[in-house]
Amino acid sequence: MRKRESNRAADVNFPSKLDQRAAQTESAIPEDVFHSLLTLERKRAERSRKQFVLMLMDAHLENGSAAGILKEAVEIVIASKRETDLIGWYRQGAILGVIFTEVNAGTDRPITEILRNKFETTLAERMGKSRSAKIAVSFHVFPEIWDKNQSSWQADSKLYPELSPTASRQQVPLLIKRMMDVAGGAALLLMLSPLLAAIAAMIKLTSKGPVIFEQERLGRFGARFKCLKFRTMYTDNDPKIHQEYIEQFIFGNEASGNSNGSQQPVYKIVNDPRVTTVGRFLRKTSLDELPQFWNVLRGEMSLVGPRPPVQYEFEIYDIWHRRRILDVKPGVTGLWQVSGRSRTRFDDMVRLDLRYCRTWSLWLDLKILLSTPRAVLGGDGAY
């Protein structure tokens, strides 16, 4: 198992005295450049596994006086930060941001507590308590600590300003994508209703238990939702089989006994004893995933996107793996499904998901949708 990142991280030695000359020669980085630097710092932290802290100083509720208040704060923060820290506009003229790179408290106190005390005290001394109190200060730590016991946990959107709806350059295409999801999901549920009824009857007549299997999965930004599938397993089965397999899969090991008689490795449980006879057919043809069109209508999923992970899967993700659930909603089909499915290693699957997020377009969605029936009918990589 990978060691979890500490909630406190590296070396926080700030100047004890204000350097007025530094404040005069340095200025806050423009908003678009600061956002780009924040993205680069996230990628660097993913590789180095060293935390950084984003501090936001928000005065946008001060009815036109925010720019003046923050302009005064800029000089104070510049003079008291380290040389390696970055200061810029998170939102131009309204929210000031500071990136504290590779921080480490070196004590038992949380790094955010040390930073808060440092800067709130400094601002109060230089600006006066009444004026500094108009600035709301918040702290955001990356990499984030995922709390599996907190059902409302989501990734901190403040760390990903480029993904906010207002910042997206593809607002119209994203709106069209949502319209395609609603129209496509509704049409497919209607057209396939006889098939859905037949599958439900087959499941009910051949094994005990509910027709629909609900499993808690993680959607965009880690929001939890109930992912729907036709039940393909016997009830009261042992989930440890899949949990152990997932761990081996993510860590790059081929699960024992996962051979289908060919030379090519299979990265999925083959001949799973928990699966019913009808369930094997449904899995082979991917018909077990048809109820997910209802998840699409509810806005929890899209027709095209990365597959939504289960909690115990996300729990052992490497830091860079988490990016696959941030950029877009999870999908019923995706680039991985039409590119080898269970014959693809986990890291390669994540790279396919990230490539989809990076190069997403309506045309790419259309190509994946058109390629899906062939992948399903071919059954290659499906078990």
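Sequence positions, counted from 1, serve as the residue numbers for this chain. Because only heavy atoms are used, hydrogens play no part in the values below, and waters and symmetry mates are left out as well, while side chains stay in. Small disclaimer: the values here were computed from a predicted structure and weren't measured.
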Legend entry - Nearest atoms (heavy-atom pairs only) where T206 meets M202: OG1-O, 2.6 Å
Legend entry - Nearest-0.5 Å distance that lies between atom CG in D58 and atom CD1 in I69: 10.5 Å
Legend entry - Any donor-acceptor pair under 3.5 Å from Y90 side chain to K158 backbone: yes
Legend entry - Sidechain-backbone polar pair: K81 side chain, L86 backbone, donor-acceptor under 3.5 Å: no
Inset, instruction - Please check if the side chain of R324 supplies one atom and the backbone of V350 the other of a donor-acceptor pair under 3.5 Å. - result: no
Legend entry - Beyond-backbone contact of T372 with V332, side-chain heavy atoms, under 4.5 angstrom: no
Legend entry - Minimum side-chain heavy-atom gap Y356-D365 below 4.5 Å: yes
Inset, instruction - Identify whether L189 and V211 are in the same connected component of the hydrophobic contact network (ILVMFWY, side-chain heavy atoms under 4.5 Å). - result: yes
Inset, instruction - Ignoring hydrogens and angles, tell me if any N or O in the side chain of K177 forms a donor-acceptor pair with the backbone of V304 under 3.5 Å. - result: yes
Inset, instruction - Give the other cluster members for M233, using side-chain heavy-atom distances under 4.5 Å between Ile, Leu, Val, Met, Phe, Trp and Tyr residues; answer none if it is isolated. - result: V275
Legend entry - Check: I212 and W294 side chains under 4.5 Å, non-hydrogen atoms: no
Legend entry - Side chains of H140 and T112 in contact at under 4.5 Å (non-hydrogen atoms): no
Inset, instruction - Determine, step by step, whether Y160 and F221 satisfy the side chain to side chain contact (heavy atoms under 4.5 Å, CB included) criterion, reporting the C-alpha distance in whole Å, the side-chain angles of both residues, the deciding distance to 0.1 Å, and the verdict. - result: CA-CA 10 Å; Y160 310 91; F221 281 105; 3.9 Å; yes
Legend entry - Check: L123 and M57 side chains under 4.5 Å, non-hydrogen atoms: yes
Inset, instruction - Supply the atom-to-atom distance N295 CG to Q292 CD, rounded to the nearest 0.5 angstrom. - result: 6.0 Å
Legend entry - Sequence neighbours excluded, every pair satisfying salt bridge (Lys or Arg N to Asp or Glu O under 4.0 Å) that has a member inside residues 199-220: E216-R224
Legend entry - Any side-chain heavy-atom pair of D85 and V77 under 4.5 Å: no
Inset, instruction - Answer yes or no: is there an ion pair linking R116 with E120, defined by an N-O contact shorter than 4.0 Å? - result: yes
Inset, instruction - Using the salt bridge (Lys or Arg N to Asp or Glu O under 4.0 Å) rule, take D348 and R345 through it: C-alpha gap first, then chi angles, then the decisive distance, then the call. - result: CA-CA 5 Å; D348 293 331; R345 293 179 182 273; 5.1 Å; no
Legend entry - Atom CZ of R355: over 12 foreign heavy atoms under 6.0 Å: no
Legend entry - Donor-acceptor contact below 3.5 Å, side chain Q337 vs main chain G334: yes
Inset, instruction - Would you mind listing every salt bridge (Lys or Arg N to Asp or Glu O under 4.0 Å) that reaches into residues 32-44, with sequence neighbours excluded? - result: E41-R44, R42-E162
Inset, instruction - Using a 4.5 Å cut-off on heavy atoms from C-beta on, say whether the side chain of L38 contacts that of L54. - result: yes
Legend entry - same_hphob_cluster(V296, L195) at 4.5 Å side-chain heavy-atom cutoff: yes
Inset, instruction - I would like to know whether T333 and V376 meet side chain to side chain contact (heavy atoms under 4.5 Å, CB included); could you show each step before the answer? - result: CA-CA 10 Å; T333 185; V376 170; over 6 Å; no
Legend entry - Nearest heavy atoms of L96 and A28, plus distance in Å: CD1-CB, 4.1 Å
Legend entry - Under 4.5 Å side-chain linkage, directly or through intermediates, the cluster mates of M179: L175
Inset, instruction - Start with the C-alpha gap between L115 and M55, add the side-chain angles, then the distance that decides, and say whether side chain to side chain contact (heavy atoms under 4.5 Å, CB included) holds. - result: CA-CA 9 Å; L115 291 171; M55 179 177 74; 5.6 Å; no
Inset, instruction - Could you go through the salt bridge (Lys or Arg N to Asp or Glu O under 4.0 Å) check for E144 and R322 one step at a time? - result: CA-CA 10 Å; E144 302 169 77; R322 298 179 182 183; over 6 Å; no
Legend entry - For Y312, all residues meeting ring-ring contact (aromatic ring centres under 6.0 Å, His included), sequence neighbours excluded: H242
Inset, instruction - Measure the acute angle between the ring planes of F314 and W153, then classify it against the limits of 30° and 60° as parallel, tilted or perpendicular. - result: tilted
Inset, instruction - Say whether L364 and M180 are linked into one hydrophobic cluster, either directly or through other cluster members, by side-chain heavy-atom distances under 4.5 angstrom. - result: yes
Inset, instruction - Answer with yes or no whether the hydrophobic clustering places L297 together with L190; edges join I, L, V, M, F, W, Y residues whose side-chain heavy atoms lie under 4.5 Å apart. - result: no
Inset, instruction - Measure across L70 and A94 and return the closest heavy-atom pair with its distance rounded to 0.1 Å. - result: CD1-O, 3.1 Å
Legend entry - Contact summary for P330 and R307, nearest pair of heavy atoms: CB-C, 4.3 Å
Legend entry - Which atom of G222 lies closest to which atom of I325, heavy atoms considered: N-CD1, 3.6 Å
Legend entry - Pairing of R323 and E46 as salt bridge, 4.0 angstrom limit: yes
Inset, instruction - Find the distance between NZ (K229) and CG (L282) and round it off to the nearest 0.5 Å. - result: 10.0 Å
Inset, instruction - Apply the side-chain contact (heavy atoms from CB on, under 4.5 Å) test between L362 and each candidate in V172, L174, I176; give the one that qualifies. - result: I176
Inset, instruction - Decide if atom CZ of F281 counts as having more than 12 heavy atoms of other residues, nucleotides or ligands within a radius under 6.0 Å. - result: no
Legend entry - N/O donor-acceptor pair under 3.5 Å between T121 side chain and K118 backbone: no
Legend entry - Intermediate values then yes/no, side chain to side chain contact (heavy atoms under 4.5 Å, CB included), L303 and L369: CA-CA 8 Å; L303 290 177; L369 287 171; 4.2 Å; yes
Inset, instruction - Determine, step by step, whether F100 and F119 satisfy the ring-ring contact (aromatic ring centres under 6.0 Å, His included) criterion, reporting the C-alpha distance in whole Å, the side-chain angles of both residues, the deciding distance to 0.1 Å, and the verdict. - result: CA-CA 12 Å; F100 300 101; F119 282 93; 5.5 Å; yes
Legend entry - Shortest non-hydrogen contact between P309 and Y317, atoms and distance: CB-OH, 3.4 Å
Inset, instruction - Indicate yes or no: at least one non-hydrogen side-chain atom of F142 is less than 4.5 angstrom from one of I319. - result: yes
Legend entry - With sequence neighbours excluded, residues passing ring-ring contact (aromatic ring centres under 6.0 Å, His included) with F293: none
Legend entry - Rounded distance (nearest 0.5 Å) linking atom CD1 of I99 with atom CZ of F52: 6.0 Å
Inset, instruction - Please round to the nearest 0.5 Å and tell me the distance separating atom OG1 of T101 and atom CG of L37. - result: 11.5 Å
Inset, instruction - Output the distance between atom CD (Q311) and atom OG (S151), rounded to the nearest 0.5 Å. - result: 9.0 Å
Legend entry - hydrophobic_cluster_shared for F213 and L287, side chain cutoff 4.5 Å: no
